[in-house]
Amino acid sequence: MEEHIKKRFSEIVGAQHIKSSQAQLLAYSYDATANFQSTPDLVISPENLEEIIEIVKLCSKESIPIISRGSGTNLAAGTVPTQGGIVILFNRMNQIVELDKANLTITVQPGVITQVISNYVEQNGLFYPPDPSSMKISTIGGNVSENSGGLRGLKYGVTKDYVRALTVVLPNGSVLKTGGKLAKDVAGYDLTSLLVGSEGTLGIITEITLKLIPLPVHKKTGIAYFHSLEDAAETVSAIIADKIIPVTLEFMDRGTMDAVEDFMKIGLPKDAEAMLLMEQDGDVELVERDLQNMIDIAIEKGAKSTAIAASAEEADLLKTGRRAALSALARKRPTTILEDATVPRSEIANMVRAIQAIAKKYNVQISTFGHAGDGNLHPTCLTDVRDLEEMNRVEQALEEIFHVAISLGGTITGEHGVGEMKAPYLEWKIGESGIQLMRQIKQAVDPLNIMNPGKVFAKEKKMRLVIQHGE
Ligand SMILES: Cc1cc2nc3c(=O)[nH]c(=O)nc-3n(C[C@H](O)[C@H](O)[C@H](O)COP(=O)(O)OP(=O)(O)OC[C@H]3O[C@@H](n4cnc5c(N)ncnc54)[C@H](O)[C@@H]3O)c2cc1C
């Protein structure tokens with residue numbers, strides 16, 4: 001990047017809010033995705049909407065790629081600057097703007113950590129349900145841009161179900177305001193929905209208004225351990241078929257349980273093949289009834305043992321164990337590749353069986369956990385990128401998992417997004433006409449392709465590739 005352009009960025013945000021040393025650029029060359037790396041030209045922390053407009057106008061004039069970055073926890077290489085350019089951080093745009101109790105909304109800047117929002121509204125007797133396992137570190141801007149889900153998705157839905165309004169700086173520097181605090185709004189195309197999950201490819205989100213709901217009065221957590229994965233998977237289908245919609249229905253297989261137990265020592269048994277974590281919230285009577293029914297169904301389906309958390313602390317420990325699944329597995333081998341193949345709930349048992357068979361066929365180590373109630377499984381491959389022969393088998397195994405998920409009526413990603421990593425597979429899910437329409441939308445909004453270029457759209461690069469910008 002030419003010096004006069006760098007100077008201009010410094011004038012916009014102040015030199016102290018720009019990172020440009022090699023060490024600093026390296027820190028923003030990767031995200032939580034294995035095996036993708038590429039350094040940006042500059043990392044910039046703007047303070048407000050006006051500065052972002054100036055930055056975008058300059059990038060538009062000079063055709064500089066813009067990569068918006070929250071906490072970089074995405075698992076699809078969505079924030080890796082594979083075509084160089086500037087990384088925009090929101091660490092200075094991390095304020096809660098307004099809690100509106102009359103309209104049940106909260107308005108926030110994109111850099112607020114999701115857990116901070118959750119805690120803040122709960123102190124006020126309100127509830128923001130989307131709770132990605134990364135909520136202690138991920139930002140709301142990242143959650144909105146990925147349309148993230150969480151442990152409570154089964155009953156309460158995902159991020160998109162709570163986004164009421166957005167302020168967005170478009171690639172030409174103009175400002176778009178979508179939606180509002182209102183509960184109903186059908187004026188024109190639903191631009192809020194278009195932007196949610198757009199992975200930083202259509203604009204920069206600078207303000208978000210979220211819907212809140214009353215905090216449930218009561219909740220209770222149960223657990224069931226199984227001799228077989230199939231029994232656990234069939235329990236999930238049976239619970240849903242019994243018309244129970246629990247707040248949480250999470251699944252961990254033996255490999256994941258072992259990793260969590262090694263990591264956290266919370267007393268998970270060593271002789272179970274799978275476990276289900278179940279939670280219900282709401283009125284006391286409904287919670288007690290649903291939890292007992294779920295436990296009964298688990299026993300009917302062959303659970304080897306079941307338990308109900310005796311206290312809120314015990315319940316939190318179990319949920320923390322589940323949230324730590326990825327971190328716990330990541331300690332096992334040098335490289336962790338986490339997928340989120342998703343199928344209709346009724347196909348969970350088939351999907352779990354297929355994952356096991358595929359792991360065996362390619363001789364790779366895959367542990368599975370996930371939001372079983374949503375049909376959203378996270379087959380997690382523990383491997384080593386330095387072993388190219390093994391990586392080749394891993395890639396084939398993951399491709400086959402995507403194929404099976406689609407053949408069962410599912411998708412290549414339920415909540416992690418496409419990013420750069422899954423771009424080659426998107427067409428499998430949405431077809432040629434889907435890709436074409438998305439390209440036309442992108443072209444109309446961002447004709448210079450400066451917003452997170454190289455992300456989402458199908459192309460040849462495979463996940464194995466390590467890309468170094470400028471090499
Ligand atoms: C341990 C772990 C657990 C996880 N658990 C879950 C889970 O349960 N559910 C789930 O859905 N995901 C999960 N994830 C994935 C990840 O945390 C989510 O995708 C999260 O929403 C990313 O937030 P972030 O702030 O890190 O965003 P980033 O990773 O920094 O960015 C994500 C995307 O959003 C774009 N973006 C960020 N901010 C803006 C903005 N202001 N304007 C425009 N675009 C923007 C980026 O360009 C990128 O495309 C997990 C990840 C880890 C590492």
Side-chain angles (χ1 to χ4, degrees), residues 28 30-34 36 40 46 49 52 56 65-82 85-91 93-94 108-116 130-153 158-160 166-171 176 195-208 248 250 319 322-331 336-340 342 369-371 374 376 378 380 413-423 446 451-456:
Y28 294 92
Y30 59 92
D31 55 28
T33 320
F36 280 84
L49 174 70
I52 291 184
V56 172
I66 300 172
I67 298 91
S68 295
R69 180 177 169 120
S71 297
T73 66
N74 78 88
L75 296 158
T79 46
V80 179
T82 46
I86 60 162
V87 165
I88 295 199
L89 304 178
F90 301 95
N91 54 322
M93 293 179 69
N94 61 354
V108 295
Q109 291 186 314
V112 185
I113 300 295
T114 312
Q115 181 83 60
V116 171
D131 61 338
S133 297
S134 56
M135 70 192 288
K136 278 190 187 158
I137 42 168
S138 61
T139 64
I140 191 68
N143 289 183
V144 170
S145 302
E146 296 286 4
N147 189 13
S148 297
L151 271 62
R152 300 191 280 237
V158 297
T159 305
K160 77 174 161 61
L166 293 173
T167 303
V168 181
V169 179
L170 295 172
L176 171 71
L195 287 154
V196 174
S198 64
E199 304 190 35
T201 61
L202 298 179
I204 302 178
I205 298 170
T206 59
E207 197 169 275
I208 302 155
T248 291
E250 294 288 314
K319 282 184 279 184
R322 162 58 191 89
R323 285 188 205 284
L326 175 57
S327 318
L329 284 167
R331 296 163 73 235
T336 314
I337 300 177
L338 177 122
E339 278 311 333
D340 76 330
T342 304
F369 62 95
H371 317 293
D374 301 337
N376 185 186
H378 293 314
T380 303
T413 170
E415 60 180 15
H416 292 164
V418 179
E420 183 119 2
M421 181 174 167
K422 282 194 212 163
D446 182 18
M451 289 290 169
N452 216 356
K455 308 294 154 52
V456 179

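Note: hydrogens, waters and symmetry copies are ignored here, and every other heavy atom, side chains too, is used. As the structure lists them, so they are numbered: ligands from 1, and atoms in each ligand from 1.
Residue contacts with ligand 1: His371 is included, with a non-hydrogen atom under 4.0 Å away. Within the 4.0 Å heavy-atom cutoff, Thr79 counts among the residues contacting ligand 1. Residue Leu326 places a heavy atom under 4.0 Å from ligand 1.
Considering both main-chain and side-chain atoms, Ile205 comes within under 3.5 Å of ligand 1 through a nitrogen or oxygen pair. When only interatomic distances are considered, the shortest N/O to N/O separation between Ser138 and ligand 1 does not fall below 3.5 Å. Distances between N or O atoms of Gly149 and those of ligand 1 include at least one value under 3.5 Å. For the pair Leu75 and ligand 1, the shortest N or O to N or O distance does not fall below 3.5 Å. Residue-to-ligand polar distances place Ser145 within reach of ligand 1: an N/O pair is separated by less than 3.5 Å. Of the polar atoms of Ser327, none of the N or O atoms is found under 3.5 Å from an N or O of ligand 1, judged by distance alone. Note: an N/O pair closer than 3.5 Å links Gly70 and ligand 1 by distance alone.
Looking only at protein heavy atoms, the nearest one to atom 20 (C) of ligand 1 is Asn143 ND2, 3.5 Å. Protein heavy atom nearest atom 28 (P) of ligand 1, with residue, atom name and distance: Gly72 N, 3.5 Å. For atom 24 (P) of ligand 1, the closest non-hydrogen atom on the protein side is Ser71 N, 3.5 Å. Closest to atom 27 (O) of ligand 1 among all protein heavy atoms lies Gly142 CA, 3.4 Å. At the shortest separation from atom 22 (C) of ligand 1 among protein heavy atoms lies Thr73 OG1, 3.3 Å. Of all protein heavy atoms, the one closest to atom 32 (C) of ligand 1 is Glu146 OE2, 3.3 Å.
Of all the atoms in ligand 1, the ones that sit under 4.0 Å from a non-hydrogen atom of His416 are 10 (C), 12 (N), 13 (C). Near Glu199, meaning under 4.0 Å from any of its heavy atoms, are these atoms of ligand 1: 47 (O), 49 (O). Every atom of ligand 1 with a heavy atom of Gly203 under 4.0 Å away is listed here by number and element: 43 (C). Residue Asn452 approaches ligand 1 through these ligand atoms, each under 4.0 Å from one of its heavy atoms: 47 (O), 49 (O). Near Arg69, with a cut-off below 4.0 Å to any heavy atom, the atoms of ligand 1 are 30 (O).
Judged as a ring-ring contact (aromatic ring centres under 6.0 Å, His included), and not counting sequence neighbours, the contacts of Phe369 are His378. Partners of Ser198 under the side-chain hydrogen bond (donor to acceptor under 3.5 Å, both in side chains) rule, at least two apart in sequence or in another chain, do not exist in this structure.
Closest heavy-atom contact between Gly200 and Ser145: N-CB, 4.3 Å.
The pair Glu199-Lys455 fails the salt-bridge criterion, with no side-chain N (NZ, NE, NH1 or NH2) lying under 4.0 Å from an Asp/Glu carboxylate O. Between Arg323 and Asp131 a salt bridge is recorded (basic side-chain N to carboxylate O distance below 4.0 Å).
Under a 3.5 Å cut-off, the side chain of Asn452 and the backbone N or O of Gly78 do form a donor-acceptor pair.
When the options Pro132, Ser133, Ser68 are ranked by their closest heavy atom to atom 46 (C) of ligand 1, first place goes to Ser68.
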